[in-house]
Amino acid sequence: MFAKNYGSSTGYGGNRTYSCSSSGDVDSALGFEDFLYTDDTSGTDEDLDLFVLFGNLRGNVVGLRYYTGVVNNNEMVALQREPNNPYDKNAVKVNNVNGDQVGHIKKELAAPLAYIIDNKLARVEGIVPYGAKNTFTMPVQMSFWGKEENKQAVLDRLKMHGFKMAPPLKSSELGFGSNLFSGRAGPSYSAPGHTAVQMTTEQLKSEFDKLFEDLKEDDKTREIQGPEVIGTQLLPHQKQALAWMVLRENNKELPPFWEERNNFFYNTLTNFAEKERPENVLGGILADDMGLGKTLTTIALILANFHNGKPLPVEKIKRDQLYKEFGATSVKNEGDLPFKDLNCNLESSTSSGKNETVQSQLSSSYPKRTKAKKPKYSESSDSEESEEWLPQETRINTKKDLPTTRKRSKASCNFQEDTGFASALAAPSPTLKKKAKKKGTSSIQLAKKDDSEEGQRTTLIICPLSVLSNWIDQLEQHISPDVHLNVYVYYGPDRSKDPALLSRQDIVLTTYNILASDYGSRGDSPLHKLKWLRVVLDEGHTIRNPNALQTKAALNLEAQRRWILTGTPIQNSLKDLWSLLSFLKLKPFADREWWHRTIQRPVMMGDQGGLRRLQSLIKNITLRRTKMSKIKGKPVLELPERKVFIQHVTLTEEERQIYQAVKNEGKLAISRYFSEGTVLAHYADVLGVLLRLRQLCCHPHLCTNASSFSGTGVNNTPEELREKLVNKMKLVLSSGSDEECAVCLDSLTFPVITHCAHVFCKPCICEVIQSEQPNAKCPLCRNELRLEHLIECPPEESDFESVKKSDREWIPSSKINALMHALIELRKENPVVKCLIVSQFTTFLSLIETPLRESGFVFTRLDGSMPQKKRVEAIQCFQSSQAGSPTIMLLSLKAGGVGLNLTAASRVFLMDPAWNPAAEDQCFDRCHRLGQKQAVIITKFVVKNSVEENMLSIQNKKRKLAAGAFATKKPTASEVKQTKINEIKTLIDL
DNA sequence: ACCGCCGGGTGCC
DNA sequence: ACCGCCGGGTGCC
């Protein structure tokens with residue numbers, strides 16, 4: 001895999017001050033964009049993909065005359081238990097695709113069905129072969145799906161009640177099982193004589209790879225100019241995306257799989273029909289690769305398509321108005337204003353003088369961080385994110401430079417002078433606030449009441465916290481200076497809960513955590529009271545887990561148009577798509593059963609018809625281009641080269657001794673766990689050993705907490721136990737192992753530790769305990785689990801404040817020497833080249849600061865514990881091309897999200913290998929992205945004969961796994977455990 | 001007739 | 001439901 005390609009050209013070699021021995025490899029395994037490895041454990045969800053078809057049974061639906069739901073011939077129906085039915089606790093309802101009840105299963109059959117369903121022995125699905133025109137009863141063909149091991153129990157139970165299931169047919173039922181009744185099947189079912197062709201896993205994977213490939217259709221290759229209020233010239237592929245998005249938003253077509261048939265609308269997948277025209281989603285999925293400008297395209301959309309392709313009526317500032325409103329006084333008093341004005345001026349970035357203005361305005365416009373020392377993981381629902389901003393009603397506009405921009409303002413969009421909006425918008429901010437209070441609810445647009453399209457103007461954008469500032473930056477950068485846009489950042493403890501205020505904005509920006517906590521706590525979420533013109537979910541794959549609160553919160557938003565922006569629409573399973581489709585409200589997929597029966601299961605079973613349906617669905621609603629995509633023969637993005645070198649570092653005799661001592665001790669303990677078979681029970685301890693070894697590879701001072709092995713068998717006082725568990729949790733969180741919550745499979749938010757020492761998100765594990773009532777078990781080790789035993793992470797002094805706690809005298813380390821040597825050589829070559837120095841250990845970054853200062857490097861720093869405001873400052877400072885600006889940024893591996901743009905750097909020094917290679921690649925992409933003009937050279941420092949080398953081999957395994965495992969079954973809990981155990985063995989040389 | 005047969009009332013779970 | 005089932009009316013040939 002590794003081509004030897006480490007040359008003398010990069011100039012590592014002997015040196016008086018900083019010496020290092022080195023050899024290196026080029027890391028060539030780079031291309032696995034979409035296939036992120038994720039630890040997957042079977043959580044609370046049923047393993048639907050393990051289900052097999054047990055067989056079919058015909059039964060009867062009765063009581064039709066009492067219900068309104070009607071069905072067609074061959075229509076799919078849902079069977080739903082109704083345990084609270086007063087006449088029969090075994091009752092099973094029959095619903096049509098719309099969820100309207102059609103009738104009940106006849107009671108004799110309902111009895112065994114109730115037992116089978118309640119005990120989760122099988123899922124029962126129905127199709128009504130002669131569904132139409134029945135008055136009292138109708139037949140229903142049922143198929144039973146479940147885990148192989150439950151098949152006999154199902155057969156027995158049916159037999160007990162005198163029913164005999166027909167065995168499944170060979171291949172014809174592979175699809176939806178519907179062509180069994182092909183007498184009157186709809187057109188989407190296999191043609192007579194055609195049997196479903198099953199694909200191999202390999203074929204399936206390659207089909208998946210092609211799923212989102214660029215589709216050369218008219219709709220997607222036509223370009224339109226961006227609105228003139230966008231100050232930036234859109235790239236050709238962005239113009240295409242904009243044209244496509246505008247088309248989607250004004251889409252009058254039926255949604256996919258619907259046809260009009262003699263005055264009815266007919267769904268070809270389920271055979272459901274209704275009089276009412278099914279709404280198509282006015283929106284879709286923009287799934288362009290990272291760095292292609294989804295944000296900019298979306299901003300252009302917001303301005304370009306307010307209604308029927310007409311632009312948003314925005315206020316254009318006239319010269320005299322400007323001076324009147326934003327003259328000297330408002331600038332002077334800026335600090336006191338409740339709302340501050342963001343200065344947005346696209347020319348400014350080129351002129352240094354103006355640049356400064358923009359920066360200072362920007363920083364002053366950022367919300368203040370409240371002084372309160374809220375713990376990182378405190379109870380308060382508002383503080384799930386560590387930064388606290390004051391809310392603000394922000395106007396994007398300009399105060400200067402009118403003469404140069406006025407011309408353009410004349411010619412731009414169809415702005416209607418005297419709309420109600422315009423006058424409200426024209427008021428200076430402080431006044432606006434008062435007005436808002438006075439006006440109260442008069443202008444509020446409540447979701448249910450006012451459906452008139454003209455009544456809605458606001459686009460709600462939801463993004464991860466890490467890209468919030470990116471949105472603000474891009475709004476400033478790209479919107480013409482003569483345009484006045486009301487933007488409200490709905491964030492922070494003092495955010496306004498007034499829907500009227502929100503509905504007056506052009507754009508409301510918020511985060512997933514705010515969305516979820518507003519939705520979850522009290523019923524006062526204004527986000528859920530309004531009907532938005534448009535909702536945009538940035539990094540929309542964030543809602544892929546249907547059980548996560550943020551997903552439910554997002555699905556409950558009301559909007560006329562809906563967009564999902566994501567670079568990775570499918571992260572590791574087709575299942576990831578469901579939440580996205582559900583958000584888009586495409587009938588009938590919002591209900592998981594129909595999605596599963598019509599697409600997910602057929603595809604997972606290798607059915608070609610299923611795959612075709614999936615393809616045509618995706619084609620219909622998504623646009624995706626990768627960095628490799630071409631437009632008129634030219635690559636969409638031409639990125640400079642990226643090279644990864646591995647530089648091996650040899651520890652000094654002294655360092656090696658400490659390392660060996662800790663390793664021997666740890667190895668002893670871990671091999672004991674192995675012989676006892678308790679490795680997973682001691683998972684936190686094992687991580688601790690590995691952590692210390694990784695730290696020692698970097699610097700001896702990182703490994704402060706001396707050996708913390710403790711026989712857990714000993715009886716501790718509750719206080720001691722608590723402290724131990726808290727330490728373990730801190731260990732897991734700080735180990736950089738990127739542990740995920742085994743329930744939601746996402747990174748830990750609001751972590752708690754169980755008495756069995758496993759860490760979960762608090763909401764996730766609470767839900768597990770609730771649902772498994774009285775005897776809940778740990779999802780990882782099946783130990784007893786109790787709500788009152790969960791321990792939360794206590795408030796933590798952030799690294800940021802307590803950096804200089806190490807009162808020990810500074811000493812170098814082999815790795816620091818190797819780094820400094822490289823930096824100094826590099827500076828000789830090119831004094832202005834900018835570098836990222838990346839580590840998972842922020843204390844290591846702090847230790848690196850000392851020699852950087854001594855050698856006269858100007859540097860800045862970005863890590864997760866910094867308040868948002870400081871981060872923005874650090875980024876802007878580093879990105880600046882001014883003389884004397886920092887040439888080095890100390891960066892913690894996981895700081896910032898995908899949006900982080902550090903293109904000023906063309907060199908990266910990765911100080912310690914990460915567990916997950918994808919995390920490293922994401923980090924590299926922060927400088928290797930749109931805007932990078934130079935080749936990017938990455939140096940990974942790896943200590944010879946150490947845990948770090950072993951980590952590299954694990955990384956390679958994960959890469960291969962990630963590249964090959966897509967679309968195959970997710971690993972079972974025991975497979976995950978085995979993988980972990982194997983990893984531990986590799987890492988500690990057992 | 002402690003039956004059969006007739007025909008009206010009635011109808012999910 | 002053009003069914004089944006129920007229960008009241010009825011009753012040789």
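Chain identifiers are assigned alphabetically (A, B, ...) following the order of the sequence lines, protein sequences preceding nucleic acid strands; residue numbering begins at 1 within each chain. Given the structure is predicted, the values throughout are model-derived calculations rather than measurements.
- Base pairing analysis places C/dC13 opposite nothing; no Watson-Crick or G-U wobble pair with both distances below 3.5 Å involves it.
- Here B/dC12 presents its P atom at 16 Å from CG of A/Asn134, a figure rounded to the nearest Å.
- As judged by a 4.0 angstrom heavy-atom cut-off over every strand, A/Asp88 is placed among residues touching the sugar-phosphate backbone only.
- Residues A/Leu121 and A/Arg157 have side chains not in contact (no heavy-atom distance under 4.5 Å, counting atoms from C-beta outward).
- Within residues 98-108 of chain A, the residues approaching DNA chain B are A/His104, A/Ile105, A/Lys106, A/Lys107, by heavy-atom distance under 4.0 Å.
- With B/dC13, C/dA1, B/dG11 as the choices, the nucleotide that has an atom nearest any side-chain atom of A/Tyr66 turns out to be B/dG11.
- Distance CG (A/Asn90) to C1' (B/dC12): 14 Å, rounded to an integer number of Å.
- Distance CE (A/Met138) to P (B/dC13): 14 Å, rounded to an integer number of Å.
- Taking the C1' atom of each, C/dC13 and B/dC2 are spaced 24 Å apart, rounded to whole Å.
- Pairing for B/dC2 is absent, judged as Watson-Crick or G-U wobble with the two contacts each under 3.5 Å.
- Under a cutoff of 6.0 Å and an axis angle of 45°, A/Arg123 and A/Trp145 do not form a cation-pi pair.
- The interatomic distance linking A/Asn60 (CG) with B/dC13 (P) rounds to 10 Å, in whole Å.
- For the residue pair A/Asn95/A/Gln80, the side-chain donor-acceptor check at 3.5 Å is satisfied.
- Separation of the C1' atoms belonging to C/dA1 and C/dC5 is 12 Å when rounded to the nearest angstrom.
- The aromatic ring of A/Phe136 sits over the base of C/dA1, with ring centres less than 5.5 Å apart and planes tilted by under 30°.
- Ring geometry for A/His789 against A/His755 counts as parallel: the plane angle stays under 30°, on a 0 to 90° scale with 60° as the upper cut.
- In summary, the side chains of A/Asn98 and A/Lys587 do present a donor paired with an acceptor at a separation below 3.5 Å, with no hydrogens or angles considered.
- Geometrically, A/Arg601 does not engage A/Phe51 in a cation-pi contact, judged by NZ or CZ lying under 6.0 Å from the ring centre and within 45° of the ring axis.
- One atom, CG of A/Asn95, and another, C1' of B/dC12, lie 14 Å apart when rounded to the nearest Å.
- Straight-line distance from the OH atom of A/Tyr67 to the P atom of B/dG11: 14 Å, rounded to whole Å.
- For the pair A/Leu64 CG and B/dG11 P, the interatomic distance rounds to 16 Å; values are reported in whole Å.
- For the residue pair A/Asn74 / A/Tyr130, no side-chain donor-acceptor distance below 3.5 Å is found, with atom types taken as modelled.
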